Enquirer: 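So that we are looking at the same thing, I have put the structure below in structure tokens.
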Amino acid sequence: MAKAVPIYKLTQTERPLRDSAPVLMVRLQEMLDYADSIRSPENVAELHNLRIAAKRLRYTLELFAPTLDPVGVSDLLDRVTEIQERIGVIHDCDVLFPLLQDTMELEMEREKRVIKKRGGVSVGPPPFLAAEGLAGMTAQKRDERVRLYAEFVAFWDALPPDRLISELSRLVAAPEESRTA
Amino acid sequence: MAKATYEYPADIAFRDAARAAMDSGFRKMMKNASGTRSGAERREATAEEVEALHDMRVGSRRLRAALAVFANVFPKADFQEMDKEVGAITDALGAVRDLDVQLDALRALQSAAPPNEAYGISRLVERQTEQREIERKALLVALERLDKSRFERRFQKALDRALPPGPAAAKAPESDVSEEVTHG
């Protein structure tokens with residue numbers, strides 16, 4: 001994944017923590033940089049990167065939370081966490097597919113060797129039982145991935161992402177405005 | 001509504017927040033090091049040891065996030081050293097934790113699956129269990145490296161040098177309370 005912007009270069013060590021809250025906009029933008037690529041379900045790496053960026057935003061938001069409007073920050077944290085969790089379950093499927101494929105191939109090879117060694121006589125479980133079972137599971141997981149992905153895109157569109165920018169901007173700016181008022 | 005992870009006052013100074021946040025992550029991480037290690041010493045960890053590993057990972061991640069924000073209160077060399085070491089242990093913990101979560105999910109699928117699927121899943125479980133063995137041993141090495149290099153003492157010293165403990169640090173929660181998502 002793209003390296004995160006070193007936000008410490010943007011912080012102000014001799015001032016209240018609150019004054020460094022604009023770094024949150026950097027973290028949000030890092031997440032939104034992947035927004036276009038989620039339109040294609042094949043963009044597995046980009047989706048994973050979006051999740052990592054959401055996680056960075058969430059942890060940074062938690063650090064600044066006590067200095068921001070509690071209701072606004074809690075609402076935002078809930079949504080960022082939900083983004084992370086929804087992509088997390090999709091990612092679990094994406095991690096599983098190559099493992100299932102590899103295991104299927106390994107099992108077929110192993111069973112072929114066993115049968116050959118026994119002179120073509122199959123002993124133990126029916127031949128290719130493991131591969132057959134894994135094929136069934138792969139199909140089931142593929143359906144699950146399609147459903148989870150569609151649900152995530154619907155959730156993302158309903159946010160909508162642009163509103164996250166305006167909400168976080170308001171959150172970051174609000175107390176400063178009230179101090180100078 | 002999300003629970004608060006940090007409980008410092010709204011007008012906290014940058015340096016006081018840095019101290020409180022890093023104390024919190026560091027304490028959570030080190031508090032669970034012994035349970036994590038005893039779990040990593042054996043092939044099968046107890047439920048408590050699995051939980052300790054998870055909590056240590058949560059602490060190390062929060063510590064990394066805090067380091068990313070508060071880095072410039074440290075001399076550059078101190079920051080680079082701490083970031084590298086916390087990053088290495090976070091990765092080692094993550095590799096085992098991710099397999100624990102995956103194996104739990106696979107075993108649940110296995111127990112609910114028809115016989116042919118259950119048999120196939122059992123082969124995958126065996127394979128991933130072997131992978132966990134590799135990651136478990138790597139974690140043990142990473143934990144031993146922390147011990148041998150006196151990481152805990154060095155980190156505490158670096159923190160004290162950059163941010164002498166003060167009243168704000170005392171307000172840091174003993175342990176952060178927010179739940180970590182499973183798919184981490």
Side-chain angles (χ1 to χ4, degrees), chain A residues 4 6-9 11-20 23 51 55-56 58-60 62-68 70-71 73-78 81 84-92 95-96 99-100 102-104 106-107 110 125-126 129-137 140 175, chain B residues 1-18 20-21 24-25 61-74 79 98 101-102 105-106 109-110 113-128 131 162 176 178-184:
Chain A
I7 49 172
Y8 64 87
K9 290 184 178 172
T11 54
Q12 303 179 60
T13 57
E14 303 308 325
R15 299 190 50 85
L17 175 65
R18 176 66 191 73
D19 290 358
S20 295
V23 299
R51 174 171 161 251
K55 199 181 297 185
R56 281 189 185 133
R58 176 181 158 212
Y59 287 156
T60 312
E62 284 173 350
L63 285 165
F64 283 92
T67 72
L68 304 170
V71 176
V73 83
S74 175
D75 184 45
L76 209 52
L77 265 173
D78 284 345
T81 304
Q84 191 191 327
E85 287 179 329
R86 282 179 179 273
I87 306 177
V89 286
I90 298 172
H91 181 66
D92 289 348
V95 168
L96 210 51
L99 281 173
L100 286 167
D102 284 357
T103 310
M104 249 191 294
L106 284 171
E107 283 303 307
R110 190 181 64 86
L129 183 67
E132 185 191 299
L134 291 169
M137 186 182 166
Q140 184 191 326
Chain B
M1 186 163 169
K3 290 179 193 170
T5 302
Y6 303 100
E7 292 170 352
Y8 31 71
D11 60 349
I12 192 166
F14 187 91
R15 285 177 178 275
D16 291 340
S24 170
R61 276 179 162 178
R62 292 232 156 86
L63 184 57
R64 278 202 96 185
L67 277 168
V69 171
F70 299 117
N72 58 3
V73 299
F74 294 102
F79 165 73
D98 287 349
V101 172
Q102 188 186 60
L106 286 172
L109 281 171
Q110 188 186 346
N116 66 334
E117 282 191 23
Y119 179 65
I121 298 166
S122 74
R123 306 298 300 178
L124 180 54
V125 167
E126 274 175 38
R127 208 178 148 199
Q128 292 305 87
Q131 186 59 38
D176 48 22
S178 75
E179 291 297 316
E180 177 73 355
V181 292
T182 308
H183 306 278

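Given the structure is predicted, the values throughout are model-derived calculations rather than measurements. To find a chain, count down the sequence lines: A is the first, B the second, and so on, and within it residues start at 1.
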Enquirer: How close do A:Y59 and B:A65 get, heavy atom to heavy atom, and via which atoms?
Expert: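 Scanning both residues, the minimum pair turns out to be CB-CB, 3.4 Å.
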Enquirer: Would you compute the distance between atom CG of A:L100 and atom CG of B:L124 and round it to the nearest 0.5 angstrom?
Expert: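 Reported value, rounded in 0.5 Å steps: 5.5 Å.
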Enquirer: So how far is it from A:Q140 CD to B:E117 CD, rounded to the nearest 0.5 Å?
Expert: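 That separation rounds to 5.5 Å.
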Enquirer: Would you say that B:F14 contacts A:E14 through its side chain, given a criterion of any heavy-atom pair below 4.5 Å between the two side chains?
Expert: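 Heavy-atom side-chain distance check fails, nothing below 4.5 Å.
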Enquirer: Taking all non-hydrogen atoms of both residues into account, name the closest pair between B:A17 and A:L17 and its distance.
Expert: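 Closest pair (atom of B:A17, atom of A:L17, distance): CB-CD2, 3.6 Å.
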Enquirer: As an exercise, state the distance from CZ of B:R64 to CZ of A:R56, rounded to the nearest 0.5 Å.
Expert: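 Reported value, rounded in 0.5 Å steps: 8.5 Å.
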Enquirer: About how many Å separate CG of A:L106 and CZ of B:R127, when rounded to the nearest 0.5 Å?
Expert: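 Answer for the CZ-CG pair, B:R127 versus A:L106, is 5.0 Å.
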Enquirer: After noting the C-alpha distance and the side-chain angles of A:L96 and B:Q102, does the key distance pass the side-chain contact (heavy atoms from CB on, under 4.5 Å) rule?
Expert: CA-CA 9 Å; A:L96 210 51; B:Q102 188 186 60; 3.9 Å; yes
Enquirer: Nearest 0.5 Å, please: how far is OG1 in A:T103 from CD in B:E126?
Expert: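 Rounded to the nearest 0.5 Å, the CD-OG1 separation comes out at 10.5 Å.
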Enquirer: Heavy-atom distances under 4.5 Å only: say whether B:L67 touches chain A with side chain, backbone, both or neither.
Expert: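 No part of it gets close to chain A.
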Enquirer: Out of curiosity, B:L106 CG to A:L99 CG, how far, rounded to the nearest 0.5 Å?
Expert: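 Going from CG on B:L106 over to CG on A:L99, the span is 8.5 Å.
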Enquirer: Do A:L63 and B:Y6 have side chains that get closer than 4.5 Å, going by heavy atoms?
Expert: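 Yes, their side chains come closer than 4.5 Å.
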Enquirer: Could you look at A:S20 and say if it's the side chain, the backbone, both or neither that has a heavy atom under 4.5 Å from chain B?
Expert: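 Only the side chain of A:S20 comes within 4.5 Å of chain B.
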Enquirer: For A:I7 and B:V69, which heavy atoms make the closest approach, and how far apart are they?
Expert: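 For A:I7 versus B:V69, the nearest heavy atoms are CD1-CG2, 3.6 Å.
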